[in-house]
Number of protein chains: 2
Amino acid sequence: MARRTKAEAQETREHIIDAAALVFHRKGVSRSSLNDIAQQAGVTRGAIYWHFKNKQDVFAAMLERHRLPTEALSQRAEDPGEEDPLDRFRDLLIDVLQRTVRDPDHRRVFEILFYKCEFTEQTDPLMQRVRESYLDGGDKVRRTLGNAIERGQLPATLNLDRAVTQLHVQMTGLLYTWLLLPDSFDLDGEAADFVDSYIATLRYCPTIAGERAHTPPGGPVSQT
Amino acid sequence: MARRTKAEAQETREHIIDAAALVFHRKGVSRSSLNDIAQQAGVTRGAIYWHFKNKQDVFAAMLERHRLPTEALSQRAEDPGEEDPLDRFRDLLIDVLQRTVRDPDHRRVFEILFYKCEFTEQTDPLMQRVRESYLDGGDKVRRTLGNAIERGQLPATLNLDRAVTQLHVQMTGLLYTWLLLPDSFDLDGEAADFVDSYIATLRYCPTIAGERAHTPPGGPVSQT
DNA sequence: CTATACATACGTTCTTGGATGTATGTATAC
DNA sequence: GTATACATACATCCAAGAACGTATGTATAG
């Protein structure tokens, strides 16, 4: 077999990424050879070298494909025209947590990122990429929370930097620990609780909300 | 040169571990060859193979040496005879955070664990080891918090499981994000704040401290 | 026909584990 | 105290495999 149609070629490219994720997850990125990935995908190394420069390039493509779905949701939350930015923000966070539990493909990429790959130097483009991803995400959150403040959904005294830091800490910590010990707590069922708890600290915790805790108009702070 | 005295041999063993940590940190564990480590330590691969079985064994030895100092502090906090277990617990948490900032050797191991090594299968002894380390740590924390409850330092209604989970989330999240972006916040200066904030949630957050606010009148709260 | 989408074949580079060499520390005998 | 015997603490050398990148072959879509 040889030359396929363009659509078919695109399919094999996707298959290769799928296979890479599986092999990366099973053996770790460094111990995964391109031959392993090719076998898993049902092609030869030649196919991989046609679509990608090398293993690093396959890895980057996998991350890129993983980034897109979350991107869409965060765009909605960040929109200044959005009337309920805090609720869109809440949806986004809950979605990330629950998708990690429910969608094996999504979870697999997170597991690879946390437990099955190595970032080498500060100058490593991959390390830089993750770093920028965090910083960009922080900026998005900052804008979204700013919109929420303007709409009166959060106190004007909110310390944005602390809020962003705490969000990173909470989300990263949740995903990291749950992926390590999935049976230690029910992330899917309690996702909304965790997110609401975080939003509550934005409103009431003095070190984040500002000097005086006050009660904003009723939002979705439901506890079970 | 050949046979050294026992003390000198122990020194070279330590040197090898030091060198391994440096090389692991610089190149990532998988890309570090035993030759790299030997060169960094100023010995040959023969020396490493004398003291250790293989690279995995060097890695395990590095982790073991890293575990010990924290172990001592946690033992104190856990002691049922300790009169102020909550304060010892607080000291322990602050120490871990600040030592990560101040002690380059300590920080290096954390960076390796988070960013520069791969855990492969569920059956991987290293993965298991980290998992057990989390579970054991959780048990210690559970006992320590239990002591604190008996001494009246924490509410009797405290949900221990949630408290342990939240601690893992908070500490792991803090270390992970700060190691990724050390300039994004002042972990050293705010370490006590973060710990106190966590302890405050143990006392006041309804979902963790207990459901006094939401409990219908007429009976003690039953948990778990 | 020609560029595409792969498969196949090849040479090189690294790394590993073990085998072997060797010089010194250390314990014991005398 | 010294000679002997052995274990220790490495250094050096070697064989084998794995993975990579490239170069080349080839059949088909356009």
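Sequence lines set the chain letters: A, B, ... in the order given, protein chains first and strands last, and positions in each chain run from 1.
In this entry the distance linking CD1 of Ile48(A) with C1' of dA7(C) reads 12 Å, nearest Å. Here dT15(C) presents its P atom at 10 Å from CD of Gln39(B), a figure rounded to the nearest Å. If you take NZ of Lys6(A) and P of dG30(D), they are 8 Å apart, rounded to a whole angstrom. Between the CZ atom of Phe52(B) and the C1' atom of dA9(D) there is a distance of 13 Å, given to the nearest Å. Rounded to whole Å, atom P of dG18(C) lies 14 Å from atom CH2 of Trp50(B). Rounded to whole Å, atom C1' of dC10(D) lies 15 Å from atom CD of Glu11(B). If you measure from atom CG of Asp57(B) to atom P of dT16(C), you get 14 Å, rounded to the nearest angstrom.
A salt bridge between Arg142(B) and Asp161(B) is present, with a side-chain N of the basic residue lying under 4.0 Å from a carboxylate O of the acidic one. Electrostatic pairing of Arg65(B) and Glu14(B) counts as a salt bridge here, judged by a charged N lying under 4.0 Å from a carboxylate O.
Put simply, Thr12(B) has a side-chain N or O that comes within less than 4.0 Å of OP1 or OP2 on dC10(D). The shortest distance between the side-chain N/O atoms of Thr5(A) and the OP1/OP2 oxygens of dT28(D) is not below 4.0 Å. Within the 4.0 Å cut-off from OP1 or OP2 of dC10(D), not a single side-chain nitrogen or oxygen of Tyr49(B) is found. Within the structure, every side-chain polar atom (N or O) of His51(B) is placed at least 4.0 Å from both OP1 and OP2 of dA9(D).
Along DNA chain D, the nucleotide closest to Gly46(A) and the one closest to Gly42(B) are compared, and the more 5′ of them pairs with Gly42(B).
Side chains of Asp193(B) and Thr207(A) form no contact here, defined as non-hydrogen atoms less than 4.5 Å apart.
If you check dG21(D), dA9(D), dC6(C) against the side chain of Asn54(A), the one that comes closest is dG21(D).
Qualifying salt bridge (Lys or Arg N to Asp or Glu O under 4.0 Å) partners for Glu118(B), counting only residues two or more places apart in sequence or in other chains: none. By the salt bridge (Lys or Arg N to Asp or Glu O under 4.0 Å) test, Lys55(A) is found to be paired with no residue, residues two or more places apart in sequence or in another chain being considered. By the salt bridge (Lys or Arg N to Asp or Glu O under 4.0 Å) test, Arg26(A) pairs with no residue at all, sequence neighbours left out.
Counted by atom type alone, Asp124(A) and Thr120(A) present one or more donor-acceptor pairs between their side chains at under 3.5 Å.
Applying the side-chain hydrogen bond (donor to acceptor under 3.5 Å, both in side chains) rule to pairs touching residues 178-192 of chain B yields Arg102(B)-Asp188(B), sequence neighbours excluded.
The aromatic ring centroids of His168(A) and Tyr176(B) lie 6.0 Å or more from each other.
The stretch residues 15-23 of chain B has no heavy atom under 4.0 angstrom from DNA chain C at all.
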Nucleotides 14-19 of chain D: protein proximity per nucleotide (B base, S sugar-phosphate only, - neither; heavy atom, under 4.0 Å): -----S
